[in-house]
Amino acid sequence: MPEELKEQEIIRRNSLKELIQLGIDPYPAEGFEVNATTAEILEKFPGDQSIYQDVSLAGRIMSRRIMGAASFAEIQDATGRMQFYIRRDDICPGEDKTLYNTVFKRLLDIGDIIGIKGFVFITHMGEITVHVREMKVLSKSLRPLPIVKEKDDQVFDAYTDPEQRYRQRYLDLIVNPQVRETFRKRTRLVDSMRNFLNDKGYLEVETPILQPLYGGAAARPFTTHHNSLDMTLYLRIADELYLKRLIVGGYDGVYEFSKDFRNEGMDRFHNPEFTQMELYVAYKDYQWMMDLVEEMVERIAMDIHDSPKVKVGDHVIDFKRPWKRYTMYEVIRKYTGEDISGMDEATLTALSRKLGIETDASMGKGKLIDAIFSETCEPNLIQPTFIMDYPVEMSPLAKKHRSQEGLVERFEAICNGKEICNAFSELNDPIDQRLRFEAQKELAKRGDEEYMVLDEDFLRALEFGMPPTAGLGIGIDRLAMIMTNSPSIQDVIFFPQMRPEHH
RNA sequence: GAUUCAGUAGCUCAGCAGGUAGAGCAACGGCCUUUUAAGCCGUGGGUCCCGGGUUCGAAUCCCGGCUGGAUCACCA
């Protein structure tokens, strides 16, 4: 339903009609040949003024200062923004001054997309500028852009309303250059990780997003329905169980960048769809995987920042290897003074209460320990730190610890007070795996809604034999938040989930 | 889901002891003949998020709702 047009929209639509009447196509079909970018010119021109005597640029008009027969304006392309100078008698060499007087001065607006050709020079004010000889309208904009002005490094009227920025990300991208940069860094992160994994020889694969059973994590799923099969399908919460089937199938290293979906609360660390990278490597264990994570994340930081040190909020996080390593019991002792290694469920419940942590009857030993850790330790772990050796109750897919009773070979990397990855020596004993699924059922009966469901085909695969395998899941959004110093997950997802707007 | 803050012009915001809405930028008109201008002068532009209520009178007070942010709960 089209809204009533506002004053400025009516004016722009009228300008559009006038352009057409003048024989100018406001949306021409043919391309416009570009031979430079603003960033290139601003970088190279001052050193070599013989170049760019015949440049062709395209982009959006971002500001205009009209002075009679000559004007200064700014054009913004994908790489940045620069000034151009446009003079009536240059673009209208004959008697007809319409292109300047009517088209440029009156019918064009901030936000319109144009192509310009001319030469680069430096003004008396010292600003690198394109002196325009030819101008072409490439796309007329019918809505006024939020105008952000800058003078002497001071920003005026910054476009900051988060609701509008997320709903109309295109505007955010047009107007806030740091946002374009954040998403470039996110892509660089993914590229860096993919290159790293490919260099190691692992195979990037794709597994189902629509799954008849959801598994591989403890979370509530989204449910959907397939019409011709007339069956319920779930959007995946993890790809773990499918990737392990591929290890059973004989690949020795597979990974997937996967969109996962969890039907849970949203806040600045959680979006209902998010991206993980999961990696499984045969004949390796979690100790080996820790080394790999350190190496990979350090390289990502280097690829993005040319340094292992990354500024995040008030902290500088240093990804240089080696990272600190603590066992779960060690780190809890470090921050609470309590040795929980021998505690049973009742004692842990009592300790939790003493530490001011709410408990309920559905919480088993694993959840209690996790709660103690999350409350007392995790927020204090700013520099990248590995926490190893988790209680078996909270890790139904991880292999029993080679020497510690009641523990599994699992680690998480914590950074800036948040988990960024989760990994284990994968459980490949099919009998034990079945018992673990059964134990999850018990938790379900006690009211834990996030129990893991038993996957009979996955067990069948394990029964054919899976090599000892190290597995990793790393949160791309979380890592992107750290690498781009973004306080909210919505700042590293182009289109974060929102309620529909209707007001 | 709970608590809390916010929603006024295209954008950023002011106005809130209740008296019929204001600034800067953007827009429109004028000035402006050749390297700076967030320039100068003038003009227009608003279901003050929506719906009720109190009142002679509500952007302002009260109640309900919508949307968003922050914190918490659940989780990665």
Side-chain angles (χ1 to χ4, degrees), chain A residues 3-12 14-15 62-74 83-90 100 105-106 109-111 121-129 131 141-152 154-168 171 175 217-220 237-238 260-276 278 358 360 362 367 370-371 374 378 412-414 418-422 448-450 473-479 481 487-490 496 498-503:
Chain A
E3 296 162 39
E4 209 172 307
L5 292 178
K6 301 291 188 181
E7 178 199 32
Q8 297 192 42
E9 296 174 299
I10 293 167
I11 290 164
R12 283 169 183 244
N14 287 340
S15 300
M62 295 306 285
S63 73
R64 290 195 305 166
R65 298 186 291 279
I66 293 171
M67 300 176 286
S71 304
F72 285 95
E74 285 180 299
Q83 177 169 272
F84 63 94
Y85 174 67
I86 186 161
R87 199 160 60 168
R88 182 178 60 203
D89 296 337
D90 291 330
Y100 182 80
K105 278 173 70 172
R106 204 159 61 71
D109 291 290
I110 290 175
F121 73 108
I122 296 181
T123 66
H124 288 171
M125 298 299 291
E127 187 161 349
I128 300 168
T129 302
H131 188 128
S141 162
L142 297 180
R143 289 174 182 261
L145 226 45
I147 303 295
V148 180
K149 296 243 171 178
E150 232 179 293
K151 177 137 183 177
D152 302 330
Q154 211 187 333
V155 175
F156 296 82
D157 297 343
Y159 183 66
T160 51
D161 178 7
E163 180 170 2
Q164 294 193 65
R165 288 183 48 228
Y166 303 146
R167 284 194 198 280
Q168 302 187 70
L171 286 184
V175 143
R220 281 140 71 198
I237 59 172
D260 292 341
F261 305 83
R262 297 190 185 174
N263 205 342
E264 283 160 354
M266 297 166 57
D267 58 32
R268 69 194 183 91
F269 292 102
H270 302 265
N271 194 60
E273 56 183 290
F274 65 104
T275 307
Q276 274 201 102
E278 288 194 34
E358 282 184 39
D360 66 66
S362 82
K367 279 228 164 183
D370 191 39
S374 303
E378 208 173 14
E412 291 190 357
I414 313 292
K418 280 277 163 188
E419 174 193 338
I420 57 170
C421 79
N422 182 18
D448 186 339
E449 285 185 60
E450 289 156 350
I474 185 162
I476 299 298
D477 312 279
R478 292 274 176 89
L479 194 57
M481 285 169 68
S488 169
I489 198 168
Q490 297 173 110
M498 299 222 130
R499 286 200 162 86
E501 51 177 333
H502 52 77
H503 30 247

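Chain letters run A, B, ... following the sequence lines, proteins first and then strands; every chain starts at 1.
- With a cut-off of 3.5 Å on both pairing distances, rG57(B) has no Watson-Crick or G-U wobble partner at all.
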Problem set entry | Base-contact (B) and sugar-phosphate-only (S) positions in nucleotides 28-34 of chain B, heavy-atom cut-off under 4.0 Å, - elsewhere | SS--BBB
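- Nucleotide rA27(B) holds its C1' atom 16 Å from the CZ atom of Arg143(A), rounded to whole Å.
- Of the candidates rU36(B), rU12(B), rG69(B), the closest approach to any side-chain atom of Gln164(A) belongs to rU12(B).
- rA9(B) makes up no base pair with any nucleotide shown, lacking Watson-Crick or G-U wobble contacts both under 3.5 Å.
- A donor and an acceptor atom sit less than 3.5 Å apart, one in the side chain of Thr123(A) and one in the base of rU36(B).
- The nucleotide whose nearest atom lies closest to any side-chain atom of Gln8(A) is, among rU35(B), rA70(B), rA27(B), rA27(B).
- In the set rU67(B), rA76(B), rG69(B), rG69(B) carries the atom at the smallest distance from any side-chain atom of Pro162(A).
- For Arg64(A) (side chain) and Asp109(A) (main-chain N/O), no donor-acceptor pair under 3.5 Å exists by modelled atom type.
- With RNA chain B read from its 5' end, the first of the two nearest nucleotides for Asp161(A) and Met125(A) is the one closest to Asp161(A).
- For the P atom pair drawn from rC48(B) and rA59(B), the interatomic distance equals 7 Å after rounding to whole Å.
- Nucleic acid contact for Asn271(A): base, since at least one base atom lies under 4.0 Å from a heavy atom of the residue.
- The distance between atom CG of Asn14(A) and atom P of rG45(B), rounded to the nearest whole Å, is 17 Å.
- Pairing of rU4(B), defined by two Watson-Crick or G-U wobble distances under 3.5 Å, is identified with rG69(B).
- Among the atoms of the strands shown, none is found under 4.0 Å from any heavy atom of Gln168(A).
- Of the listed nucleotides (rG10(B), rC74(B), rU36(B)), rC74(B) has the atom at the smallest distance from the side chain of Arg220(A).
- In this structure, Asp477(A) and Gly126(A) both approach RNA chain B, and ranking their closest nucleotides by distance from the 5' end singles out Gly126(A).
- To the nearest whole angstrom, the two P atoms, one in rC49(B) and one in rC11(B), are 13 Å apart.
- In this structure, Phe72(A) and Tyr85(A) have tilted ring planes: the angle between them lies in the 30° to 60° band.
- Pair check for rG46(B) finds none; no Watson-Crick or G-U wobble contact set falls under 3.5 Å.
- Taking atom C1' on both rG22(B) and rC5(B), the two are 24 Å apart, rounded to the nearest angstrom.
- If you measure from atom CD of Gln83(A) to atom C1' of rU36(B), you get 7 Å, rounded to the nearest angstrom.
- Note on Arg499(A): only backbone sugar-phosphate atoms sit closer than 4.0 angstrom, heavy atoms only; bases stay farther off.
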Shorter than 3.5 Å, N or O on both sides, protein versus nucleotides 71-73 of chain B: list them out with atom names.
{"residue": "rU71(B)", "atom": "OP1", "partner": "Arg268(A)", "partner atom": "NE", "Å": "3.0"}
{"residue": "rU71(B)", "atom": "OP1", "partner": "Arg268(A)", "partner atom": "NH2", "Å": "3.4"}
{"residue": "rU71(B)", "atom": "OP2", "partner": "Arg268(A)", "partner atom": "NE", "Å": "3.2"}

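- Across every strand in view, rC40(B) sits in a pair with rG30(B) that passes the Watson-Crick or G-U test at under 3.5 angstrom.
- Computed from coordinates, the Asn263(A) CG to rC74(B) P distance equals 17 Å when rounded to whole Å.
- Distance from the side chain of Ile110(A) is smallest to rA27(B) among rC11(B), rA27(B), rA76(B).
- Separation of the C1' atoms belonging to rA17(B) and rG46(B) is 26 Å when rounded to the nearest angstrom.
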